[in-house]
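Just so we're on the same page: letters track the sequence lines, and every chain starts at 1.
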There are 2 protein chains.
Amino acid sequence: MVHAHSARDRARLVSEAERLCAEAGETLTPLRRRVLELLIAKDGPAKAYDLLAELDGESGPAKPPTIYRALDFLMKLGLAHKIESLNAFVACDVGACARATIFLICDKCGRTDEFDAGHALVDLGEAARKDGFEIKHTMIEAKGLCAACKQAA
Amino acid sequence: MVHAHSARDRARLVSEAERLCAEAGETLTPLRRRVLELLIAKDGPAKAYDLLAELDGESGPAKPPTIYRALDFLMKLGLAHKIESLNAFVACDVGACARATIFLICDKCGRTDEFDAGHALVDLGEAARKDGFEIKHTMIEAKGLCAACKQAA
DNA sequence: ACCCATATGTTATGATATAGCATTCAGCCG
DNA sequence: CGGCTGAATGCTATATCATAACATATGGGT
């Protein structure tokens with residue numbers, strides 16, 4: 001569980017991303033890097049069109065495909081994830097992970113933490129395999145109240 | 001894991017739904033019932049606008065709010081679920097369940113089965129609670145290859 | 001210089017979902 | 001009865017989310 005990133009954290013995540021891209025034979029172009037930085041800075045779920053607005057630069061406003069392509073790229077490398085239940089995107093907290101993601105989403109404040117599933121996922125994979133189903137990717141989104149909001153209630 | 005429903009299964013699910021609504025002090029109106037029947041008949045993920053098209057009746061085509069309201073109602077009672085990663089809806093296989101859903105979704109054929117998590121969910125709930133997070137609802141969507149498609153590959 | 005692959009820009013449109021207000025209808029109470 | 005109320009549905013318009021298809025760069029290899 002990671003909370004707000006420090007400047008050092010942010011820099012580390014980005015350089016980690018550089019390394020991963022190089023490894024994968026892909027390039028973290030300025031645009032992609034910029035989007036990743038925006039996601040990291042946001043430190044929570046970000047809407048595609050909001051990111052788009054932040055990209056606006058010299059030559060007028062950016063267009064939707066721009067941001068969706070960058071996000072697709074980041075997701076392909078596991079550097080970002082989509083929170084399906086929010087139609088929003090987050091930077092991966094742990095550098096990159098492609099196989100499975102677990103998010104705890106606070107209904108009240110919107111805070112969203114990436115979470116380590118531990119063995120729960122293994123169990124699920126095994127149970128599915130017994131039915132002949134081969135899991136490639138698992139997405140878990142749990143909604144409820146975060147510690148802070150629970151206290152406030 | 002339930003596969004295609006027999007006519008008897010379908011009837012049972014609907015009467016089960018009637019009972020649940022009565023219990024909850026809600027009414028399964030003709031419209032809501034119709035939507036539930038469509039969902040059950042479809043026996044797989046259904047898009048809102050496709051359901052809408054099937055609703056078309058005497059007085060011209062149905063409008064989006066009609067179907068979304070019916071779906072919201074069914075979901076509130078746990079009679080239907082939304083598959084977030086597909087923007088689609090399914091009837092609940094087991095009559096009704098509100099707390100958690102697990103789906104195995106075949107990337108190839110689109111087949112989607114509701115699955116019993118067993119203890120995996122309990123583990124997740126406990127792990128989250130250790131961080132002070134109170135889970136209200138968990139949604140799990142696992143994608144991969146179903147037995148049939150794996151065999152065909 | 002040329003070609004090619006990859007990335008980005010741009011226009012248009014498709015797909016998904018909701019806000020806000022009008023209408024209907026059943027139950028109920030004076 | 002007559003009118004009130006709340007729940008459900010109908011309807012118009014619009015917001016939000018996402019992609020197809022094609023045009024334009026840009027950089028590396030030969």
Side-chain angles (χ1 to χ4, degrees), chain A residues 17-18 21-39 42 45-77 79-90 110 139 141, chain B residues 17-18 21-39 42 45-77 79-90 110 139 141:
Chain A
E18 294 276 18
C21 286
E23 243 174 41
E26 302 276 1
T27 38
L28 191 64
T29 62
L31 174 64
R32 290 164 175 173
R33 184 191 177 109
R34 178 101 189 284
V35 171
L36 178 60
E37 286 169 347
L38 286 173
L39 273 181
K42 174 98 181 183
K47 307 294 242 160
Y49 275 68
D50 290 345
L51 293 170
L52 203 49
E54 301 194 58
L55 273 187
D56 275 10
E58 317 77 80
S59 58
K63 307 291 190 293
T66 300
I67 196 75
Y68 284 106
R69 283 193 290 228
L71 289 168
D72 283 347
F73 172 85
L74 295 173
M75 289 193 290
K76 186 178 73 186
L77 295 194
L79 296 169
H81 305 296
K82 181 173 187 185
I83 312 284
E84 297 283 357
S85 62
L86 301 177
N87 291 322
F89 302 83
V90 291
M139 170 209 91
E141 296 176 15
Chain B
E18 294 275 19
C21 286
E23 243 174 42
E26 301 277 0
T27 37
L28 191 64
T29 62
L31 174 63
R32 291 165 175 173
R33 183 191 179 112
R34 179 102 188 283
V35 172
L36 178 61
E37 287 169 349
L38 286 174
L39 273 181
K42 175 99 181 184
K47 306 294 241 158
Y49 276 70
D50 291 346
L51 293 169
L52 203 49
E54 302 194 57
L55 271 187
D56 276 8
E58 319 77 81
S59 57
K63 308 292 188 292
T66 300
I67 197 75
Y68 283 106
R69 282 193 291 228
L71 288 169
D72 283 346
F73 173 85
L74 295 173
M75 289 192 291
K76 186 176 73 185
L77 295 193
L79 297 167
H81 304 298
K82 181 172 186 184
I83 312 284
E84 297 283 356
S85 62
L86 301 176
N87 290 322
F89 302 84
V90 292
M139 155 176 67
E141 298 174 17

Canonical and wobble pairing (Watson-Crick, G-U, under 3.5 Å) of DNA chain C, dot-bracket with |: ||||||||||||||||||||||||||||||
For the pair made of CG in A/Asp72 and P in C/dT8, what is the distance, rounded to whole Å? 12 Å
Using OP1 and OP2 only, check whether a side-chain N or O of B/Thr66 sits under 4.0 Å from D/dT9. no
Between C/dA7 atom P and A/Ile67 atom CD1, what is the distance in whole Å? 16 Å
Between A/Ala70 and A/Val35, which heavy-atom pair has the shortest distance, and what is it? CB-CG2, 3.8 Å
Looking at residues at least two apart in the chain, or sitting in another chain, which of them share a side chain to side chain donor-acceptor pair (under 3.5 Å) with B/Glu18? B/Arg33
When the distance from CG of A/Leu52 to P of C/dT8 is rounded to whole Å, what number comes out? 14 Å
For nucleotides 23-30 of chain D, just jot down a letter per nucleotide in 5' to 3' order: B, S or -, based on protein non-hydrogen atoms under 4.0 Å. --------
Calculate the interatomic distance between A/Leu55 atom CG and C/dT8 atom P; express it in whole Å. 11 Å
Closest-nucleotide ordering on DNA chain D, the 5'-leading residue of B/Ala70 and A/Ala88: B/Ala70
For nucleotides 6-8 of chain D, print each protein N/O atom paired with a nucleotide N/O atom at under 3.5 Å, atom names and distance only.
residue : atom : partner : partner atom : Å
D/dA8   : OP1  : B/Arg32 : NH1          : 3.2
D/dA8   : O5'  : B/Arg32 : NH2          : 3.4

It should be established whether B/Asn87 places a side-chain nitrogen or oxygen under 4.0 Å from OP1 or OP2 of nucleotide C/dA17. yes
Can you tell which of D/dT19, C/dA17, D/dT12 lies closest to the side chain of A/Pro65? D/dT19
The side-chain contact (heavy atoms from CB on, under 4.5 Å) partners of B/Leu86 (sequence neighbours excluded) come to B/Pro45, B/Ile83, B/Ala88, B/Ile105, B/Thr112, B/Lys143
What pairs with B/Lys82 under salt bridge (charged side-chain N to carboxylate O under 4.0 Å, His left out), at least two apart in sequence or on another chain? B/Glu84
Using the side-chain heavy atoms of A/Arg69, tell me which of these nucleotides is nearest: C/dA17, D/dA21, C/dG20. D/dA21
What's the spacing between B/Lys63 NZ and B/Arg69 CZ if we round to 0.5 Å? 12.0 Å
Please report, rounded to the nearest Å, how far the P atom of D/dT16 is from the CG atom of A/Leu86. 15 Å
Starting at CG of B/Leu51 and ending at P of C/dA17, how long is that distance when rounded to a whole Å? 11 Å
Under the side-chain contact (heavy atoms from CB on, under 4.5 Å) test, which residues partner A/Ala24, sequence neighbours left out? A/Glu26, A/Leu77
How many whole angstroms separate atom CG of A/Asp50 from atom C1' of D/dA18? 15 Å
If I compare all heavy atoms of A/Leu39 with all of A/Ala46, which pair ends up nearest, and what's the gap? CD2-CB, 3.9 Å
Applying salt bridge (charged side-chain N to carboxylate O under 4.0 Å, His left out) to A/Arg32 and not counting sequence neighbours gives none
Think A/Tyr49 has a side-chain N or O under 4.0 angstrom from the OP1 or OP2 of D/dC17? no
Distance below 4.0 Å between A/Lys47 side-chain N/O and D/dT16 OP1 or OP2: no
Which heavy atom of A/Leu55 sits nearest a heavy atom of A/Ala62, and at what distance? CB-CB, 4.1 Å
What is the distance, rounded to the nearest whole Å, between atom CG of A/Leu71 and atom P of D/dT19? 10 Å
Those residues that, when tested against A/Ala48, pass side-chain contact (heavy atoms from CB on, under 4.5 Å) (two or more places apart): A/Ile67, A/Tyr68, A/Leu71, A/Phe89
Within less than 4.0 Å of OP1 or OP2 of D/dC22, is there a side-chain N or O belonging to A/Lys63? no
Closest approach of A/Ala17 to A/Leu28 (non-hydrogen atoms, all atoms of both residues): CB-CD2, 4.2 Å
Can you list the residues that meet the side chain to side chain donor-acceptor pair (under 3.5 Å) rule with A/Glu141, with sequence neighbours excluded? A/Ser85
